[in-house]
Amino acid sequence: MELILLLLIVGVVMLYRSYEGENVGKFITSHVGTVYEKFAPFSFKVVREKTKQLGKEYTFRQYAIQIVTFSTFAGVITYLYFYNILVSIIYIVAVIMVIPYLSYLRCKRVYSEFLFEQVQVYTSNTIMEFATTQSFVKSIEGVRDSGVLEDPVKTDVEHMIELSYQNGTIEEALLYMSNLYPYYIVKNMHQLFLQITKEGARNSADSLENMQQDIDMLVESVYRDRQDRQTFHKQFLTFGIMIYFMMMLTQYLLGRESYLLLLEKPIIQILLHAAVIVNSFFLLKGEKYYNENVGAE
């Protein structure tokens with residue numbers, strides 16, 4: 001174990017020496033960003049920028065408090081598990097490296113909630129505009145000009161209008177928007193307008209009213225799900241943190257001296273590391289679930 005820790009330290013030192021002409025923090029951040037850009041459905045840069053525009057991005061002070069809190073918790077817990085400062089430092093570094101991922105998840109949730117609200121505005125207002133214009137293109141032009149949409153939805157609606165005029169049909173425009181925003185209310189509304197366009201606009205009032213009711217029901221269920229997720233999130237975090245303290249109870253029952261004797265056995269240390277890592281992974285999966293896309297299929 002000590003050899004592995006020493007190798008890790010040597011690796012960090014070599015990394016620093018190799019990039020001493022470049023800020024190591026920037027080097028790591030750029031590589032983490034590359035990974036996020038490759039695997040994330042929305043780029044970290046886009047979601048973070050929109051989070052800033054919405055005024056929901058953490059300040060430097062909030063990030064500093066988060067780092068200090070996570071580091072302190074990781075240091076205390078792992079030291080009480082292993083009574084080894086070097087091991088605690090490694091876990092602290094690992095926890096700090098996870099913070100950008102947590103930031104991405106939170107920004108992604110904020111961005112996802114924003115997109116859903118914009119999609120709700122797009123679908124509801126398009127239906128209301130269609131009741132007056134009886135033309136899908138004129139309806140989305142009215143929604144665009146009303147000023148209720150924001151980018152990126154506004155830009156995508158403008159592209160829909162361009163596609164409709166270029167092709168003389170709305171099919172490609174509807175397909176473009178449906179693929180870009182995989183919300184079932186978008187797909188259902190587009191399917192309805194396509195059907196109305198092909199069969200004529202007669203007797204479409206009832207269908208549009210039913211579509212509007214479906215949208216209202218979905219919005220209600222999504223906001224209710226958001227409240228349920230928040231409640232679950234608090235309970236989940238409480239449960240995960242309590243699991244970390246279970247070993248404290250075991251240590252209290254055994255006595256500190258008996259516990260230290262157990263730590264001398266490699267299999268016990270392996271089991272303790274496994275317990276910490278598995279519970280941490282469990283918490284990260286919970287965070288990912290809490291921040292999943294809102295209202296999307």
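In this chain, numbering begins with 1 at the start of the sequence shown. From a predicted model like this one, the values you see are computed outputs, not experimental measurements.
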Inset, instruction - Evaluate the criterion side chain to side chain contact (heavy atoms under 4.5 Å, CB included) for residue pair Tyr104 and Val47; output intermediate values, then yes/no. - result: CA-CA 8 Å; Tyr104 166 72; Val47 297; 4.2 Å; yes

Legend entry - Within-4.5 Å side-chain heavy-atom neighbours: Val143 and Val157: no

Legend entry - Enclosure of Phe73 CZ (heavy-atom neighbours >12, cutoff 6.0 Å): yes

Legend entry - Side chain proximity check, Asp156 to Tyr176, heavy atoms < 4.5 angstrom: yes

Inset, instruction - May I ask you to decide if the ring planes of Tyr91 and His273 are parallel, tilted or perpendicular, using 30° and 60° as cut-offs? - result: parallel

Inset, instruction - State whether a side-chain donor-acceptor pair under 3.5 Å links Thr51 with Tyr58. - result: no

Inset, instruction - Measure from the side-chain N and O atoms of Thr155 to the backbone N and O of Asp151, and report whether any donor-acceptor pair falls under 3.5 Å. - result: no

Inset, instruction - Indicate yes or no: at least one non-hydrogen side-chain atom of Leu115 is less than 4.5 angstrom from one of Tyr183. - result: yes

Inset, instruction - For atom CD of Glu257, decide whether the heavy atoms of other residues, nucleotides or ligands shown that lie under 6.0 angstrom number more than 12. - result: no

Inset, instruction - To the nearest 0.5 angstrom, please state how far the CG atom of Leu80 sits from the CZ atom of Phe82. - result: 11.0 Å

Legend entry - Over all atoms of both residues, closest heavy-atom pair of Lys187 and Pro182: CE-CA, 4.3 Å

Legend entry - Flag, side chain of Ser124 to backbone of Val121, donor-acceptor distance under 3.5 Å: no

Inset, instruction - Start with the C-alpha distance between Tyr181 and Gln118, add both sets of side-chain angles, then the distance that settles side chain to side chain contact (heavy atoms under 4.5 Å, CB included), and finish with yes or no. - result: CA-CA 11 Å; Tyr181 298 96; Gln118 285 289 291; over 6 Å; no

Inset, instruction - Applying side chain to side chain donor-acceptor pair (under 3.5 Å) between Glu57 and each of Arg106, Gln62, Lys50, report the one that passes. - result: Arg106

Inset, instruction - Give a yes or no on whether Ile243 and Val76 share a hydrophobic cluster (residues Ile, Leu, Val, Met, Phe, Trp, Tyr; joining criterion: side-chain heavy atoms under 4.5 Å apart). - result: yes

Inset, instruction - Could you state whether Leu54 and Val148 fall into the same hydrophobic cluster, counting links through intermediate Ile, Leu, Val, Met, Phe, Trp or Tyr residues with side-chain heavy atoms under 4.5 angstrom apart? - result: yes

Legend entry - Under 3.5 Å donor-acceptor, Asp214 side chain and Ile185 backbone: no

Inset, instruction - Identify whether Val153 and Leu175 are in the same connected component of the hydrophobic contact network (ILVMFWY, side-chain heavy atoms under 4.5 Å). - result: no

Inset, instruction - Specify whether His190 and Tyr122 have parallel, tilted or perpendicular ring planes, treating 30° as the upper limit for parallel and 60° as the lower limit for perpendicular. - result: perpendicular

Legend entry - Heavy-atom pair with the smallest gap, counting every atom of Glu172 and Asn167: OE1-ND2, 2.6 Å

Inset, instruction - Mind running side chain to side chain contact (heavy atoms under 4.5 Å, CB included) on Ile77 and Phe245 for me, showing each step along the way? - result: CA-CA 8 Å; Ile77 290 298; Phe245 286 102; 3.8 Å; yes

Inset, instruction - Using a cut-off of 6.0 Å, state whether more than 12 heavy atoms not belonging to Ile85 lie near its atom CD1. - result: no

Legend entry - Spacing of OG belonging to Ser71 relative to CD1 belonging to Ile89, to within rounding of 0.5 Å: 11.5 Å

Inset, instruction - Report whether Tyr63 and Ile65 are members of the same hydrophobic cluster (ILVMFWY, side-chain heavy atoms less than 4.5 Å apart, transitive linking). - result: no

Inset, instruction - Search all heavy atoms of Leu283 against all heavy atoms of Leu237 and return the closest pair with its distance. - result: CD2-CD2, 4.3 Å

Legend entry - Common cluster, Tyr223/Ile215, ILVMFWY with side-chain heavy-atom separation under 4.5 Å: yes

Legend entry - Side chain to side chain, Tyr81 and Ser88, heavy atoms closer than 4.5 Å: no

Legend entry - Point-to-point distance, once rounded to the nearest 0.5 Å, from CD of Gln120 to CG of Asp216: 8.0 Å

Inset, instruction - Given side chain to side chain contact (heavy atoms under 4.5 Å, CB included), test Leu284 with Leu102 step by step and report yes or no. - result: CA-CA 8 Å; Leu284 281 177; Leu102 296 177; 3.8 Å; yes

Inset, instruction - Output the distance between atom OG (Ser178) and atom CD (Gln191), rounded to the nearest 0.5 Å. - result: 8.5 Å

Inset, instruction - Please say whether the positively charged group of Arg256, taken as NZ for Lys or CZ for Arg, lies over the ring of Tyr83, i.e. under 6.0 angstrom from the six-membered ring centre and within 45 degrees of the axis. - result: yes

Legend entry - Main-chain N/O of Phe130 paired with Gln134 side-chain donor or acceptor, under 3.5 Å: yes

Inset, instruction - State, with a plain yes or no, whether a side-chain heavy atom of Lys56 is found less than 4.5 Å away from one of Tyr111. - result: no

Legend entry - Reported CD-to-CZ distance for the pair Glu129 and Arg144, which is rounded to 0.5 angstrom: 11.5 Å

Inset, instruction - Measure the shortest side-chain to side-chain distance between Val276 and Leu272 over non-hydrogen atoms and say whether it is less than 4.5 angstrom. - result: no

Inset, instruction - May I ask you to check if Arg229 and Tyr289 form a cation-pi contact, with NZ or CZ under 6.0 angstrom from the six-membered ring centre and within 45° of the axis? - result: yes

Legend entry - Which atom of Ser164 lies closest to which atom of Val137, heavy atoms considered: CB-CG2, 3.7 Å

Legend entry - Rounded distance [0.5 Å steps], NZ in Lys154 versus CG in Asp145: 8.5 Å

Inset, instruction - Test Ser139 against Thr133 for side chain to side chain donor-acceptor pair (under 3.5 Å), laying out the working first. - result: CA-CA 6 Å; Ser139 299; Thr133 63; 3.0 Å; yes

Inset, instruction - Measure across Gln269 and Leu263 and return the closest heavy-atom pair with its distance rounded to 0.1 Å. - result: NE2-O, 2.9 Å

Inset, instruction - Compare all side-chain heavy atoms of Met160 with those of Phe136 and state whether any distance is below 4.5 angstrom. - result: yes

Legend entry - Phe239 ring center near Phe232 ring center (under 6.0 Å): no

Inset, instruction - Kindly indicate whether the side chain of Gln230, heavy atoms from C-beta on, has any atom under 4.5 Å from the side chain of Tyr290. - result: yes

